[in-house]
Structure formats: structure tokens, C-alpha cells
Number of protein chains: 2
Amino acid sequence: MTKSTTSAWREARRQSARESIVDAAWDLAREEGLLMWSLRDLATRAGITTPTVYAYFDSKHAIYDAMFGQAATDFAEYMARPYDVEGSREQLFVYVRRFFDFCTSDVERYQLLFQRTIPGFTPTPEAYAPSVRALRTLGQVLAENGISEEGHLDLATALIGGLVSQQISNDPGGVRWMRLVDEAMEMYLAHCQTSEAGHSPTSRSGRTTGARG
Amino acid sequence: MTKSTTSAWREARRQSARESIVDAAWDLAREEGLLMWSLRDLATRAGITTPTVYAYFDSKHAIYDAMFGQAATDFAEYMARPYDVEGSREQLFVYVRRFFDFCTSDVERYQLLFQRTIPGFTPTPEAYAPSVRALRTLGQVLAENGISEEGHLDLATALIGGLVSQQISNDPGGVRWMRLVDEAMEMYLAHCQTSEAGHSPTSRSGRTTGARG
DNA sequence: GTCTATAGCTGGATAGAC
DNA sequence: GTCTATCCAGCTATAGAC
């Protein structure tokens, strides 16, 4: 028992040290870009030396993976917060606004999570899982708005992703595309709900597979 | 006279050598990614040595600039080809399809031209100019469809860019988002033309034919 | 202009003492 | 686990002979 608590304590210390290294990595990534920091920089920033970093991570890619996992968890939590609105339509709007805000509020996090910007790096399935789960919610919210065709889901990701991308690339920190989010979703809903009218009533029973024509 | 022709000849030879270096750079960029090739690789591929590269370009960034300039010129020419369709509406569709095809047919070219993926690199104004000119055409084509609000232009760039980006990231070489392009533009036109009906002096009908004159 | 040779630096990762 | 010291590979860029 004493043994197990000691071991748990050590494990907690270890996790804490890992997290402080990952935090330092995020600081550097935000200052100099996701790719432009070195393990030397990182060690200095974290107040340790390079070999010590290797006591906690096997490689630089392992650090990216930890960063990805942290970002994915943040994303899942951010999107899963309670929706204090009534109606599936308003819920969709809140979902999209949230997604937009999450992405634009931290460009490097967005790049690591949703762009494929680090050469040779692919997140492990464990790190990737929360992100997949959170993205699946979009399909559910759309389904509750009577939208279940695969093509319309793809259209939504393109539209929302396009708004985010333009905002980040061409007006970082501004609102030029942010203020178009609601209008874009109204446009989208008007189109898809007209197009899919009659195929599925409102919620619950929507068909989600095979609809392709 | 002999002197001037000789000098022009030499200049042509020099330009030719520059182009073959840039071509080799594109080959490598497409094989290993925009960032993952070195001047050594490039020299080997071009059949010369590293110092010889420096006889034609001052730095690696100068090579990126030449690549950017070439891509921008290709883009301008690709988009400026004659539009063998009648009506401003069809013209817009052709424009967008062309843009989509140009971007998705060469991912590295797209990344260099429209993403900001090379650290520390900004294209010179001369290299950038053709791209700006070609992009301005979108505004004109939209205006001929009765769409002139700034926000609606931004909405178009977000929508089109989003489709391109999703296609490249999530279904490279496929058609999953390509086949949504026309539908997306119909959705867009239905929204914007309704929204701007009456505001715009150029067009007030939803479906214009031959407004270009 | 083209080469050989190399400077000068930075990167990720390791050995081994403590 | 943490350090000092270092390895080794890669990079851009340059010097200087021809």
C-alpha cells in the first residue's frame, strides 16, 4: 500500500514534469511557429537541459503528439460545453460559432490540430480520438436540422473551414470573416433544408448512409 | 550590333539555365514537399553543384521567389483563357471550376501560391502581381452577377477556398468536394442575389443572361 | 561559370559521470 | 533524473583554383 501510493506519487510527478515541458513547447510554438523551435530552445525555456527532455519524451515527434493530444482534449471539452439554447437551429449556430472561435483564438493550435503542417508527423490514434468524437457532433447537430446527406455534411465542413481559414490567413485577430458566420449558416440551411425537405422530418430518424445521387 | 546580339544571347542562355534550376526545384518540391528539399538535392537534380546554383540565385528564398513568380504567371494564364460560355452566371461557374481545378491539380503549387507555408518567405511584389490581377477577376465576375457587397466577396473566397482545401486535405486526387462546386455556387448565388436584389445598379434579376454585353 | 573543398552553424539524439 | 560534453548529420553559403 505504501508502495503503491509512492509509485502513484512518482507517476504524478512525472506527468507534471511532462506537462510543463509541453507547456513550454506551446509557448515556443506560439512565439516562433510550430516548426521553428528546437529541443535546445525547449529545454532552456523549461529550465532543464536537452538530455532531460529525453527522459520524458522519446523524440521531438513524441512531443508533438503530446501537444496534439492536449489540443484535441481542449477541443473536445470546448465543444462539449452545455448548449444553453433552445431548438436545433440555434444549437447549430452556437456549435459553429464555437468552432470558429476555438480555431481563430489560437492559430498554432489550429494548425497542429486541423492542418497537416508538420512533416512526417501523424498523431497516434489515442491522441486523435477526442478530436474525432467532437467532430462527429457536427453530423448529429446537422441531422437534427434535417440535414443528413453526405454531400451536405461535406459542404458544411468546407464552408466553415473556409471561413476559419480566411480569417486566420487574411485578417488575423480581426472579425472580417467572423461576422459572416451566421449569414453563411443561414445560406447553408436555406439551401440544404430545401434540398432535403421530405427526406427526413426533423430529428432522430434521419438516414445517414447511402444517400448519394 | 554583334555585341548586342551576343549579349542578348547570353542573357537568354542565362534565363534558360535559371528556368531549368526552377524546374528541378519544382520536381523536388512535388516529390518531397515544399520545405523538405535542400540546395544539395537541387544541384544534383539539376546536374550541377551547389556553388553553381549561387551563380543564378542569391539564396534559397530567391529560388522560392522564382517558383512563386512562375506559379503566379501560370495561374494568371490559366484563369485568363477565353470563356466560351454565354451569360455572366455560366461565366462565374466556369471561373470557379477552373480555380478549383488549378488548385487541386498541383498541391505544392497551391501551397506556395495561396498558403503561407514557408517560414520567413514573402513573395516580392513583382512575383505577386499576376496573382493579384487574376484574383481581381473574381470580383468582376461576381459584379456582373449583381454581387458587389464586400462581405459577399469574402463569403465567396471562403466558400471556394474551403472546397479546395477540403478536397486537397481529405480526398487528394478524388472528387468528393469537386462534385459539390456547382451546388455550392448555386447556393451562394441564390443567397447573395436575393440579398442584394435592388441594391445593385448592374443587375436586378436573379438569373442573368448575357449581362456582359 | 563551374568546379573542389570547406567554413560555420544548427539540428536531433547519446554516453556516461553523478 | 539530471547534468556536462559530445557525436554526427544536415543545412546554407562562401573561398578560391581553373
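Naming convention: chains lettered A, B, ... in sequence-line order (proteins, then strands); numbering from 1 in each chain. Computed from heavy atoms alone, side chains included, the values below leave out hydrogens, waters and symmetry copies.
Using a 4.0 Å cutoff on non-hydrogen atoms, the parts of residues 17-49 of chain A near DNA chain D are A:Ile48, A:Thr49, ordered by number. Residues from residues 58-66 of chain B placing a heavy atom under 4.0 Å of any atom in DNA chain D, listed by number, are B:Ser59, B:Lys60.
A cation-pi arrangement, defined by a distance under 6.0 Å to the six-membered ring centre and an angle within 45 degrees of its axis, is absent between B:Arg98 and B:Phe93.
Look at B:Arg18 and B:Glu11 and you find no salt bridge, because none of the NZ, NE, NH1 or NH2 atoms lies under 4.0 Å from a carboxylate O. At a threshold of 4.0 Å, the pair A:Arg14-A:Glu19 does not count as salt-bridged, since none of the basic side-chain nitrogens sits closer than that to a carboxylate oxygen.
Side-chain atoms of B:His152 and A:Glu183 include a donor-acceptor pair closer than 3.5 Å.
Between A:Thr52 and D:dC3 there is a side-chain polar atom (N or O) within less than 4.0 angstrom of OP1 or OP2. Here B:Tyr54 does not reach the OP1 or OP2 of C:dG1: none of its side-chain N or O atoms lies under 4.0 Å away.
Classification of the B:Phe99-B:Phe75 ring pair by plane angle, with boundaries at 30° and 60°, yields perpendicular. Under the 30°/60° scheme for interplanar angles, the aromatic rings of A:Tyr78 and A:Phe102 are found to be tilted.
Counting non-hydrogen atoms under 4.0 angstrom, B:Arg10 reaches nothing in the nucleic acid. A:Arg13 comes within contact range of no nucleotide atom at all, as no heavy-atom separation falls under 4.0 Å.
Screening B:Leu113, B:Thr122, B:Thr73 for a side-chain contact (heavy atoms from CB on, under 4.5 Å) with B:Phe68, the sole residue that qualifies is B:Leu113.
Summarising the geometry of A:Pro123 relative to A:Asp65, their closest heavy-atom pair is CA-OD1, 3.3 Å, with the distance given to 0.1 Å.
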